[in-house]
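What you see is a predicted model; the values in this text were computed from it and never measured.
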Amino acid sequence: GFEESPVAPISAINQNEAPPAAETQQIDAGARMTFGDLTAVAGVFEIEKPFFGFDEDRFFGAQGMQINRGLEFSVAGPVTEALQLVLGTVFYDVILTGDAVDSGALADSPAGAISRSTTLNLDYRPQWAPGWSFDLGVTSRGEQNADSQGLVAIDPYTLFDLGLRRQFSLAENDVVI
């Protein structure tokens, strides 16, 4: 397929130049299974597309290819009548190829590339407390490349979110706080 290419930024010697659409290739496969009310999905993918950046003369254009490979897994649905689950994780392998990588000007992994992303969300609506909902969210990310030379990495981290909601009627209107 084709993807829109980024316009050269003001700092480029070819500022505001729009390169032609980039040709991309994607291959993926997956499977879906149900276990009672839960649905599980597993997949693999590979996406190949040009990556854009500056050369040594500040010309902005295609610098090589970016290859994104990965595995993804998820499970979602009601665990019980009161508990809903969404759990998913993706493992990434993102590499760059091209002259800038071969010369050592760029790392073989782009800035911002992560190794893993995992999300868990639970929503509990107890029968003993009608209108109330208790939520737990967990987001976890693996190591992340923080610069284009591969010299700085962001350590893996996990975030926890707790939530509480109350649904009720007020003046004949549904309200959620």
Exercise. Please walk me through it: do L120 and L85 pass side chain to side chain contact (heavy atoms under 4.5 Å, CB included)?
Worked result: CA-CA 8 Å; L120 166 68; L85 163 74; 3.5 Å; yes
Exercise. To the nearest 0.5 Å, what is the distance between CE (M65) and OG1 (T24)?
Worked result: 8.5 Å
For this session: Show your working on side chain to side chain contact (heavy atoms under 4.5 Å, CB included) between D135 and D161 and close with a plain yes or no.
Result: CA-CA 8 Å; D135 303 310; D161 297 308; over 6 Å; no
Exercise. Can you list the steps and then say if W132 with Y124 is a side chain to side chain contact (heavy atoms under 4.5 Å, CB included)?
Worked result: CA-CA 9 Å; W132 288 93; Y124 179 58; over 6 Å; no
Exercise. Does Q144 reach the main-chain N or O of G112 with its side chain, forming a donor-acceptor pair under 3.5 Å?
Worked result: yes
Problem set entry | Heavy-atom closest contact (V152 atom, N145 atom, distance) | O-OD1, 3.4 Å
Exercise. Does N173 reach the main-chain N or O of A171 with its side chain, forming a donor-acceptor pair under 3.5 Å?
Worked result: yes
Problem set entry | Set of residues satisfying ring pair (Phe, Tyr, Trp, His ring centres under 6.0 Å) with respect to F51, sequence neighbours excluded | none
Exercise. Do I47 and Y92 sit in the same hydrophobic cluster, where Ile, Leu, Val, Met, Phe, Trp and Tyr count as joined when their side-chain heavy atoms come under 4.5 Å apart?
Worked result: yes
For this session: Heavy atoms only: give me the nearest L96-S109 pair and the separation to one decimal.
Result: CD1-C, 4.1 Å
For this session: Starting at CD1 of I95, measure out to CD of E48 and round the result to the nearest 0.5 Å.
Result: 8.5 Å
Exercise. Quick one: do F134 and L87 end up in the same hydrophobic cluster if we chain Ile, Leu, Val, Met, Phe, Trp and Tyr together by side-chain heavy atoms under 4.5 Å apart?
Worked result: yes
Problem set entry | Spacing of CZ belonging to F160 relative to OG1 belonging to T158, to within rounding of 0.5 Å | 5.5 Å
Exercise. Less than 4.5 Å apart, any side-chain heavy atom of P50 and any of E3?
Worked result: no
Exercise. Cluster question for you: counting only ILVMFWY and a side-chain heavy-atom cut-off of under 4.5 Å, with indirect links fine, are V44 and F91 together?
Worked result: yes
Exercise. What orientation do F52 and F60 show, parallel under 30°, tilted 30 to 60°, or perpendicular over 60°?
Worked result: parallel
For this session: Provide the closest heavy-atom pair for N121 versus G137 in the form atom of the first, atom of the second, distance.
Result: OD1-CA, 3.6 Å
For this session: Measure the spacing between CG of L159 and CZ of R141 and express it to the nearest 0.5 Å.
Result: 9.5 Å
Exercise. Is the count of non-hydrogen atoms from other residues, nucleotides or ligands lying under 6.0 Å from D93 atom CG greater than 12?
Worked result: yes
Exercise. Does A22 offer a backbone N or O that forms a donor-acceptor pair with the side chain of S5 under 3.5 Å?
Worked result: yes
Exercise. Is L38 linked to M33 within one hydrophobic cluster, defined over Ile, Leu, Val, Met, Phe, Trp and Tyr using a side-chain heavy-atom separation of less than 4.5 Å?
Worked result: no
Exercise. Quick one: are L162 and L136 in side-chain contact, heavy atoms under 4.5 Å?
Worked result: yes
For this session: In sequence, state the C-alpha distance, the side-chain angles, and the governing distance for S169 and V175, and then conclude on side chain to side chain contact (heavy atoms under 4.5 Å, CB included).
Result: CA-CA 6 Å; S169 293; V175 178; over 6 Å; no
For this session: Using atom types as modelled and distance alone, determine if a side-chain donor or acceptor of E23 lies under 3.5 Å from a backbone N or O of A21.
Result: no
Exercise. Hey, what do you get for CD (Q66) to NZ (K49), rounding to the nearest 0.5 Å?
Worked result: 5.5 Å
Exercise. Remaining members of F59's ILVMFWY cluster at a side-chain heavy-atom cut-off under 4.5 Å?
Worked result: I13
Problem set entry | Side chain proximity check, F2 to P20, heavy atoms < 4.5 angstrom | no
Exercise. Out of curiosity, does V86 fall in the hydrophobic cluster containing V90 (side-chain heavy atoms, cut-off under 4.5 Å, transitive links)?
Worked result: no
For this session: For the residue pair D28 and E72, establish whether any side-chain heavy-atom pair is separated by less than 4.5 Å.
Result: no
Exercise. Got a donor-acceptor contact below 3.5 angstrom from the R58 side chain to the S11 backbone?
Worked result: yes
Exercise. If you take all heavy atoms of P78 and Q84, which pair is closest and at what distance?
Worked result: CB-NE2, 3.4 Å
For this session: To the nearest 0.5 angstrom, please state how far the OG1 atom of T89 sits from the CG atom of L71.
Result: 9.5 Å
For this session: Check the surroundings of atom CG in L151: do more than 12 heavy atoms from other residues, nucleotides or ligands lie under 6.0 Å from it?
Result: yes
Problem set entry | Any donor-acceptor N/O pair, S115 side chain to E143 backbone, under 3.5 Å | yes
Problem set entry | Least distance between heavy atoms, A111 atom then S148 atom | CB-N, 4.0 Å
For this session: Could you tell me which non-hydrogen atom of R166 sits nearest to which non-hydrogen atom of P130, and how far apart they are?
Result: NH1-O, 3.1 Å
